[in-house]
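All remarks here apply to the structure that follows.
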Amino acid sequence: WVDKTMTVLDITAGSGTHPETGKPGSPLIIMNTLEEKGVPYQAFFIEKDRENFEKLSTTLHKYHPQCAGEIIMRCGDHVEVLPQLVSEHINLNPQPLGLLYYDFTTQDFDRSFRCIADIYRNRPSYRKMSRIDCVLYVSATAIKRIRSAFGSRDSLIDYMYKTGKKHWLIREPSGQH
């Protein structure tokens, strides 16, 4: 009743490596882990910036040349591209299992959270996404500051509730934010 292929979506993929340190970024960490564990997968990477997208493509083909058939990459705004990818590429039968990863940016995060909530709550995408977990790498401090400055913004908890997901794992805070 479930797909044996893990569905992984990184909706703010970046260039594949950390721009300042050169260390692996989320796309490489995801791919390295899937390959290392021998998990069959279908990966989706979305990056808005054309230069980062081209670097990401080069990086993924350099480190994982054998996976071209399992990776779908799109250059564009994840708020526009994500619903298309879900609609066109994620099948309902068998039920997909997986992970959607969103690496928070302070620019336009409200729009991003609304998009993620819509994907998880609205049919027909809900049934496709109901067993795909959502990982948010966010700065709660930044959300709190923006909310304090503009007053009408939702809190992080409000955004999380909007997804309709009932269970959340929250790690210990790390770093300055």
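Note that the structure is predicted; figures quoted are calculated from it, not measured.
- Under the 4.5 Å side-chain heavy-atom criterion for grouping Ile, Leu, Val, Met, Phe, Trp and Tyr, Ile71 is connected to Ile30 within one hydrophobic cluster.
- Note that SG of Cys115 and CD of Glu80 are 9.5 Å apart. Values are rounded to the nearest 0.5 Å.
- Considering OH of Tyr101 and CD1 of Ile11, their distance stands at 10.5 Å, rounded to 0.5 Å.
- Under the 4.5 Å side-chain heavy-atom criterion for grouping Ile, Leu, Val, Met, Phe, Trp and Tyr, Val135 is not connected to Val86 through any hydrophobic cluster.
- Side chains of Leu136 and Tyr159 form no contact here, defined as non-hydrogen atoms less than 4.5 Å apart.
- Here the CG atom belonging to Asp133 is positioned 9.0 Å from the CH2 atom belonging to Trp168, to the nearest 0.5 angstrom.
- Between Ile119 and Leu82 the shortest side-chain heavy-atom distance falls below 4.5 Å.
- For the pair Ser87 (side chain) and Pro83 (backbone), a donor-acceptor distance under 3.5 Å is absent.
- Summarising the local packing, NZ of Lys128 is surrounded by more than 12 heavy atoms from other residues, nucleotides or ligands at distances under 6.0 Å.
- Under the 4.5 Å side-chain criterion, counting only non-hydrogen atoms from C-beta, His64 is in contact with Asn32.
- In Glu51, the CD atom is not crowded: 12 or fewer heavy atoms of neighbouring residues, nucleotides or ligands sit closer than 6.0 Å.
- Although no hydrogens or angles enter the test, the distance criterion places no donor-acceptor pair under 3.5 Å between the side chain of Ser57 and the main chain of Phe53.
- Heavy atoms only, all atoms of each residue included: Ile90 and Pro96 are closest at CG2-CG, 3.7 Å.
- Residues Thr59 and Pro27 form no side-chain contact, since every pair of their non-hydrogen atoms from C-beta on lies 4.5 Å or further apart.
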Step-by-step side chain to side chain contact (heavy atoms under 4.5 Å, CB included) determination, Arg111 to Asp77: CA-CA 11 Å; Arg111 210 171 133 251; Asp77 181 351; 2.3 Å; yes
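- Side-chain contact between Met73 and Leu60: present, with at least one pair of heavy atoms (C-beta onward) separated by less than 4.5 Å.
- In this structure, the separation between OG1 on Thr58 and NZ on Lys62 is 9.5 Å, given to the nearest 0.5 Å.
- With hydrophobic clusters built from ILVMFWY side chains whose heavy atoms lie under 4.5 angstrom apart, Ile116 shares a cluster with Val81.
- Residues Phe44 and Arg74 have side chains not in contact (no heavy-atom distance under 4.5 Å, counting atoms from C-beta outward).
- Using a 4.5 Å heavy-atom cutoff, the side chains of Phe113 and Lys162 are not in contact.
- Linking ILVMFWY residues whenever their side-chain heavy atoms come closer than 4.5 Å, directly or via other members, places Phe45 and Leu34 in the same cluster.
- Defined by atom type and a distance below 3.5 Å, a donor-acceptor pair is present between the side-chain atoms of Ser26 and Asp10.
- Salt bridge status for Arg114 with Asp110: present, with a side-chain N to carboxylate O gap under 4.0 Å.
- Minimum interatomic distance between Tyr120 and Ile132 (heavy atoms only, all atoms of both residues): OH-O, 2.8 Å.
- Considering SG of Cys75 and CD of Glu47, their distance stands at 7.0 Å, rounded to 0.5 Å.
- Here the closest non-hydrogen pair linking Met31 and Ala43 is SD-CB, 4.1 Å.
- Remark: side-chain polar atoms of Thr5 are not paired, donor with acceptor, to backbone N or O of Gln42 under 3.5 angstrom.
- His78 and Ser112 share a donor-acceptor pair across their side chains, judged by distance under 3.5 Å alone.
- At a threshold of 4.5 Å between non-hydrogen side-chain atoms, the residues Thr17 and Tyr63 do not count as touching.
- Scanning both residues, Met129 and Leu100, for their nearest heavy atoms gives CE-CD1, 3.8 Å.
- In this structure, CG on Asp49 lies 12.5 Å from OG1 on Thr12, to the nearest 0.5 angstrom.
- Cluster annotation: Ile72 and Leu9 are assigned to the same hydrophobic cluster (Ile/Leu/Val/Met/Phe/Trp/Tyr, side-chain heavy-atom contacts under 4.5 Å, transitive).
- Heavy atoms of other residues, nucleotides or ligands lying less than 6.0 angstrom from CG of Leu97 number more than 12.
- Checking side-chain atoms of Lys165 against main-chain N and O of Cys134 turns up no donor-acceptor pair under 3.5 Å.
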